[in-house]
Each structure stands twice: as C-alpha cells, then as structure tokens.
Protein chains: 2
Amino acid sequence: MKSHKTAAAFGAVLRELRKQQSLSQEKLAFESGLDRTYISLLEVGQRSPSLETMLALSRALQIPLAYLASLVEARLVESSDDRRNAS
Amino acid sequence: MKSHKTAAAFGAVLRELRKQQSLSQEKLAFESGLDRTYISLLEVGQRSPSLETMLALSRALQIPLAYLASLVEARLVESSDDRRNAS
DNA sequence: GTGTAGACTGCTGTCGACT
DNA sequence: TAGTCGACAGCAGTCTACA
C-alpha cells in the first residue's frame, strides 16, 4: 500500500479549519487564490499540498503555518497509533 | 517578479538546521530517503518542497514539522520587511 | 562535500462541465 | 455547495556525470 496518509491527514485538518470558520470551499478558494476543485481534492485526500499551497491556505484561514503543521502532525501520530493501547 | 521567496526561505532554514547537527547533505539525504542533489537544490532555493518532503526532512532532523514551519515563517516575515523602518 | 546540468517520471494545480 | 472526470502545463524529485 502506498500511504497517501499525509494527504488524508492534511485534508481532514483543512476541512475542520474551514468549517470552523463557516467558509465554503468556493470562498476559501477565492481567499487563497487556489482553484475550487483543488480545495475539494485536498479535503478528500486525493492531493497533497506543496509548501506554497500550505502558506496560501494558512493565510486565507488567518492562522500561522506552524499551527497548521502542528494539527497535521497530530493527525498523523493519531492515525499511526497501535490500537493496542487505544481506548 | 515571480517570488521563489518561499524556496529561498526554506533553503536557508534547512541549511541552518543541517549545519547545527553537523550533517553532510549526503548524510541528510540518506536519513530522509531523498536524493543528495535534491537536498542541494533545496538549500540553494532552486526547489520548493512538498508536504511529504518536509515531513521526511523534519524526521531526519528529528524535529517537529511545526518547528520547521515556524522557522520558515519567521524567515518569510523577515524577508518581507519594508526596509522603510528597518534599522 | 557541494553545485549544477540534462533528461526523465510522476504528481500538483488549473479549467470546464456534469452530477 | 461539494465531488469527480478528463485534459493539460508546470514543477517536484531522481539519476548520472562533471567541475
């Protein structure tokens, strides 16, 4: 298996952040200067972003890049847990 | 102008972190699973990384992705100062 | 030990259209 | 409002080789 895990983690985080601000994909696309269909691809985990793209999104969401990164990182460790001690 | 600024910022940060650990590009390439020549391209600001690449590098450098991101962000604000009020 | 170049593969990101 | 599809341009990332 190919592990597009990072794309999935990023997509989940992006969707959460967007919904927290009650933005539509369309609005976020506009604010970030990215394509609407691409935002969709990101959220469903079909694409994984470049650094430039992450910066554009963090600006549109008005959060620091480091915060975005920390959320993605957290998702990644979660998803890689053993499920041996997981409650 | 095309602003490969983020590539330059990232490259500078990467080089700094690598030197702090006294690693060669070769060693870092090996640890991260990336190509040696690509590490070089990153450091000179000729390429800008994907999320996956940033993750590989942060692991090789044994630092959180969020920390790497914060350093890049800091470089970016520095380089975007007006030089009007800059001392 | 590093920078660079050329050639190549695959994926990112855009666009229009339909569901 | 959001997911997807096909086609496309451009760039990320590899490899060999040389300075």
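Proteins get letters first, then strands, A, B, ... in listed order; numbering begins at 1 in each. Because only heavy atoms are used, hydrogens play no part in the values below, and waters and symmetry mates are left out as well, while side chains stay in. The structure displayed is predicted, hence computed values, not measured ones.
- Residue B:Ser40 is classed as a base contact, given a heavy-atom separation below 4.0 Å to a base.
- A:Arg36 contributes a side-chain N or O that forms a donor-acceptor pair with the base of D:dG3 under 3.5 Å.
- Using a 4.5 Å cut-off between side-chain heavy atoms of Ile, Leu, Val, Met, Phe, Trp and Tyr, with links allowed through other members, A:Leu51 and A:Tyr67 fall into the same hydrophobic cluster.
- The nearest whole Å value for the distance from the NZ atom in B:Lys19 to the P atom in C:dT2 is 7 Å.
- When each of D:dA12, D:dT1, C:dT14 is scored by its nearest atom to the side-chain atoms of B:Ser48, the top-ranked nucleotide is D:dA12.
- Looking at heavy-atom distances under 4.0 Å, A:Thr37 makes contact with a base.
- Atom CG in B:Leu55 sits roughly 17 Å away from atom P in D:dA12 (whole-Å rounding).
- Between the CD1 atom of A:Ile39 and the P atom of D:dA2 there is a distance of 11 Å, rounded to whole Å.
- C:dG3 atom P lies 11 Å from atom CG of B:Leu42, rounded to whole Å.
- A continuous path of hydrophobic side-chain contacts links B:Val13 to B:Leu23 [ILVMFWY only; heavy atoms under 4.5 Å].
- For B:Gln46, counting side-chain heavy atoms from C-beta on, the closest listed nucleotide (C:dG1, C:dT4, C:dA17) is C:dT4.
- When rounded to the nearest whole Å, the span between CG of B:Asp35 and C1' of C:dG6 equals 14 Å.
- If you measure from atom CD of A:Glu26 to atom P of D:dG3, you get 12 Å, rounded to the nearest angstrom.
- A salt bridge (Lys or Arg N to Asp or Glu O under 4.0 Å) with B:Glu43 is found for one member of B:Arg15, B:Lys19, B:Arg36 and no other, namely B:Arg15.
- In this structure, B:Arg18 reaches the C:dT2 phosphate: one of its side-chain N or O atoms is under 4.0 Å from OP1 or OP2.
- Checking B:Ser50 against B:Thr53 by side-chain atom types alone, a donor-acceptor pair falls below 3.5 Å.
- Among the atoms of the strands shown, only primed sugar atoms or phosphate atoms (P, OP1, OP2) are found under 4.0 Å from some heavy atom of A:Ser50.
- Nearest nucleotide to the A:Leu34 side chain, out of D:dA12, C:dT14, C:dT4: C:dT14.
- Between the C1' atom of C:dC11 and the CG atom of B:Leu51 lies a distance of 14 Å, rounded to the nearest Å.
- By the 4.0 Å N-to-carboxylate-O rule, A:Arg18 lies too far from A:Glu31 to be salt-bridged with it.
- Picking from D:dA2, C:dT2, C:dG16 the nucleotide with the shortest atom distance to the side chain of A:Arg15 gives D:dA2.
- Rounding to whole angstrom units, CG of residue A:Leu41 and P of D:dC5 are separated by 10 Å.
- If B:Gln25 and B:Arg47 are placed on DNA chain C by their nearest nucleotide, the residue sitting closer to the 5' end is B:Gln25.
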